[in-house]
Colleague: 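After the structure tokens below, expect a handful of questions from me.
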Amino acid sequence: MVGIQQPPPDYDMIIVGAGFAGVTLLYHLRKQGHRCRVLEAGSDLGGTWFWNRYPGARVDTEAPFYGLSIPEIWESWQWSEKFPSQPELRRYFAHLDKMLGLKQDIDFHTRVTHGQFREDRWHITIADGRHLTSRFLIACPGPGTVPHIPSFPGLESFQGTVTHSYEWPEEGIELAGKRAAVIGTGASGVQIVQDWAKRAQHLTVFQRTPNTALPMQAEGWMPDTTLTHAAFCNYRNTHFSGVNYQFTPINTFDVADPAARKAFRESLWQRGGFPYVYANYQDVMINPAANREMYDFWASKTRARIIDPRKRDLLAPLEPLHPMGAKRPTVELDYYDQFNRPNVDLVDLRSTRIHSFEPKGLTTTDGRFFPLDVVALATGFDMITGGLTHMGLQSVDGDSLYDQWRGDGGVKTYLGMSIHGYPNMFFLAGPQGPLSFSSGPIGIEVQCQLICDAIQSLHVGGHTIFEPTAPAQEAWSQRVKAMFDETLFLQSPDSWFLGGNIPGKKRELLTYAAGLPQYQKDCHKAFGTWEGFVRK
Ligand code: N01
């Protein structure tokens, strides 16, 4: 008997990813009456916070500014930590589901492998072979979801446990009596070291570039009960990153008295977290001398905590390796103190390199062998673009987004949310948008609002299809890249801000750097008349 072929399930909106962006969009688009389906590769909500389950994982933006403004959530949730831990963020997502009934519209274990807009619909393929169609596609894969695993020779021959920070086993890793290594000292590496140093018999940290980690100053933290919902929401309209601090509007050396500058820095230091850099004098990312003074204060504070002079010079060198802040710093609880433990060693990957892995450990190019049982690869991600380019998206002409963005022309978007050749598609938290310089959830809410308003206005105007034009996309991309021209970010070309951490990835500035208030003005202007788009 010949079966009757059923048409694939069809939706108004397919949203890819159930992290902050996906669930926020689901909440708002459902309220507008759209039939939405969220497709999520993992088995639960959380995105970044579902996958990054390594010990000690926590966010480095202060509560409540790493959360959503949805009124029923704002009113019913209280953060318990200044920098919430991954388990607390998982509880937050469970609370979102309990209050908003999200899971009924989400397919878990569902990884998108291909998508193309044909005729008037997106045609989506899932890893298990299923097909779906939808009028709109909104891609929310997250900025750090494609792990970077360096091609260390012999890695597959290692007989111990090796895992990337993003692919941590749910059951955890046993460390008692084990010789452990952490490779990489970005935000993930710093957090893993803080945990592993206390639990492993011996820990070797392989550092290429020292982090300029900032103290959390989290002890005794209490939530600010005076912060109103309205004030919380207003920061995104008035402050660069949408949080309750921004650069201090005065240049460093306009404060002539060095003691006054030092006292100002001390007050930022005591506040804890990113304000030390991003609430500092307004020229610290422009003026090398201002940046150097900021670094020197950091180095003197940090060096005072490290007993061993060799480790001190490696972790907090007197001469900075790059302008402070040009590579993303992180926050730390007791990272530097771990290097005073007798069981913790530090290897400088600037004076030697990892030569190869062996069945029982690894060797470095200076001939040393390190016997190891467990290895954490905290070696980062194909940041900002990787989630989008690894989703199998194809333009209407059949070009793959991966090839288009890896080519000489580099990344091109319009408004950091749409792409020429990909009609009826938006993406969030991706390139040429403001996310890397804002609080994640707040930047996401800004982009969600813009997208929901745009879809509504498209509908009101009687249109069903939109696509950005190539000239508008070119102009936006050039403008975003030019925003960094006068800054010190360009002096750290290997940073993921510039895609420089991934071999073969074009080095270019990937983030809109004029802040959330200006970004909203630019997008309102464009969507007000659909300037730069073709509509049908
Ligand atoms: O990755 P990274 P991450 N041999 O790219 C090193 C967010 N996040 O996962 O700097 C040896 O920053 C590399 O060295 P170098 C946050 O936005 C947030 O730590 O290239 N080492 C570097 O030290 C963050 O910025 C939180 O010289 C190699 C490290 O690996 C972003 O995610 C927590 C190497 C990679 O650092 C990424 O952070 C975690 C090699 N071949 C993540 N290749 C919080 O909110 C790379 N490295 C706290």
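Position 1 is the first residue of the sequence; numbering continues from there. All ligand and atom numbering here is 1-based and tracks the order in the structure.
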Colleague: Nearest heavy-atom pair of P434 and L516: which atoms, and what distance?
Modeller: CG-CD2, 3.7 Å
Colleague: Would you check if the distance from the ring center of F274 to the ring center of F83 is below 6.0 Å?
Modeller: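 Ring-ring flag for F274/F83: false, centres at least 6.0 Å apart.
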Colleague: With a cut-off of 4.0 Å, which atoms of ligand 1 are near a heavy atom of V59?
Modeller: 45 (O)
Colleague: Is it the case that the side chain of Q338 and the backbone of D334 share a donor-acceptor pair, with hydrogens and angles ignored and the cut-off at 3.5 Å?
Modeller: yes
Colleague: How far is atom 3 (P) of ligand 1 from its nearest protein heavy atom, and which residue and atom name does that atom have?
Modeller: S188 OG, 3.4 Å
Colleague: Would you mind checking if R303 and D313 are paired as a salt bridge, meaning a charged N to carboxylate O distance below 4.0 Å?
Modeller: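 Salt bridge: yes.
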Colleague: Are any of the side-chain nitrogens in E319 or R292 under 4.0 Å away from the carboxylate oxygens of its partner?
Modeller: yes
Colleague: Looking only at protein heavy atoms, identify the closest one to atom 44 (C) of ligand 1 and say how far it is in Å.
Modeller: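 I find the closest protein heavy atom is R58 O, 3.3 Å.
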Colleague: Hey, does M383 sit under 4.0 Å from ligand 1 if you only count heavy atoms?
Modeller: yes
Colleague: Are any of the side-chain nitrogens in D345 or R310 under 4.0 Å away from the carboxylate oxygens of its partner?
Modeller: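 Yes, charged N to carboxylate O under 4.0 Å.
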Colleague: Mind running side chain to side chain contact (heavy atoms under 4.5 Å, CB included) on S165 and F381 for me, showing each step along the way?
Modeller: CA-CA 10 Å; S165 59; F381 298 87; 4.3 Å; yes
Colleague: Quick one: does NZ or CZ of R91 land under 6.0 Å from the six-membered ring centre of F93, within 45 degrees of the ring axis?
Modeller: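 Negative - R91 is either too far from the ring of F93 or too far off its axis.
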Colleague: Considering only protein heavy atoms, which is closest to atom 27 (O) of ligand 1, and at what distance to one decimal place?
Modeller: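 Heavy-atom neighbour on the protein nearest atom 27 (O) of ligand 1: T209 OG1, 2.5 Å.
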Colleague: Could you report the tightest heavy-atom contact between L435 and A429, atom names first, then the distance?
Modeller: CG-CA, 3.5 Å
Colleague: Only one of Q86, E88, Q191 forms a side chain to side chain contact (heavy atoms under 4.5 Å, CB included) with R58, so which one is it?
Modeller: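 Between R58 and the candidates, side chain to side chain contact (heavy atoms under 4.5 Å, CB included) is satisfied uniquely by Q191.
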Colleague: Nearest heavy atom to atom 41 (N) of ligand 1 wins, so pick from S151, P147, A187, P150.
Modeller: P150
Colleague: Would you indicate which of A378, S492, A213 comes nearest to atom 29 (C) of ligand 1 when only heavy atoms are counted?
Modeller: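 The option holding the nearest heavy atom is A378.
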Colleague: Ligand 1 versus K327, non-hydrogen atoms closer than 4.0 Å: side chain, backbone, both, neither?
Modeller: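 It is the side chain that gets close, since no backbone atom is under 4.0 Å.
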Colleague: Identify, for atom 16 (C) of ligand 1, the protein heavy atom at the shortest distance, and state residue, atom and that distance.
Modeller: R328 NH1, 3.3 Å
Colleague: Would you tell me which option among P84, G186, P503 has the nearest heavy-atom contact to atom 36 (O) of ligand 1?
Modeller: G186
Colleague: Treating Q246 as the side-chain partner and F240 as the backbone partner, does any N or O pair qualify as donor plus acceptor under 3.5 Å?
Modeller: yes
Colleague: Under 4.0 angstrom from ligand 1, any heavy atom of F83?
Modeller: no
Colleague: Taking only heavy atoms of G184, which atoms of ligand 1 are found under 4.0 Å from at least one of them?
Modeller: 6 (C), 23 (O), 29 (C), 30 (O)
Colleague: Look at R406 together with D382 and state whether they make a salt bridge at an N to O cut-off of under 4.0 Å.
Modeller: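 So R406 pairs with D382 through a salt bridge.
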Colleague: Where does F206 meet ligand 1, judged by heavy-atom distances below 4.0 Å: at the side chain, the backbone, both, or neither?
Modeller: neither
Colleague: At a 4.0 Å threshold, what atoms of ligand 1 neighbour a non-hydrogen atom of W496?
Modeller: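 Ligand 1 atoms under the 4.0 Å threshold to W496: 5 (O), 12 (O), 17 (O), 24 (C), 25 (O), 31 (C), 37 (C).
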Colleague: Can you sort out which atoms of ligand 1 are near F381, meaning under 4.0 Å from one of its heavy atoms?
Modeller: 9 (O)
Colleague: For the NZ atom on K178, are there more than 12 heavy atoms of other groups (residues, nucleotides or ligands in this structure) within a distance under 6.0 Å?
Modeller: yes
Colleague: For atom 2 (P) of ligand 1, what is the nearest protein heavy atom, given as residue, atom name and distance?
Modeller: G380 CA, 4.0 Å
Colleague: Just to confirm my output: which protein heavy-atom neighbour is closest to atom 11 (C) of ligand 1, and how far is it?
Modeller: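 Checking every protein heavy atom, the shortest distance to atom 11 (C) of ligand 1 gives L349 CD1, 3.5 Å.
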Colleague: With the threshold set at 4.0 Å, does a side-chain nitrogen-carboxylate oxygen contact exist between D348 and R350?
Modeller: no
Colleague: Which residue holds the protein heavy atom closest to atom 23 (O) of ligand 1, what is that atom called, and what is the gap in Å?
Modeller: T185 N, 2.9 Å
Colleague: Less than 4.0 Å between atom 7 (C) of ligand 1 and some protein heavy atom, yes or no?
Modeller: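 Not a single protein heavy atom is under 4.0 Å away.
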Colleague: Check ligand 1 against Y54 and write out every atom of the ligand that is under 4.0 Å from a heavy-atom position of the residue.
Modeller: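 Near Y54, the atoms of ligand 1 are 33 (C), 39 (C).
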Colleague: For atom 47 (N) of ligand 1, what is the nearest protein heavy atom, given as residue, atom name and distance?
Modeller: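 The protein heavy atom lying closest is R208 NH2, 3.8 Å.
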Colleague: Below 4.0 Å, non-hydrogen atoms only: which portion of Q207 touches ligand 1? Side chain, backbone, both or neither.
Modeller: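 Under 4.0 Å from ligand 1, Q207 contributes no heavy atoms.
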Colleague: Heavy-atom contacts under 4.0 Å between I354 and ligand 1: side chain, backbone, both, or neither?
Modeller: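 It is neither; nothing of I354 touches ligand 1.
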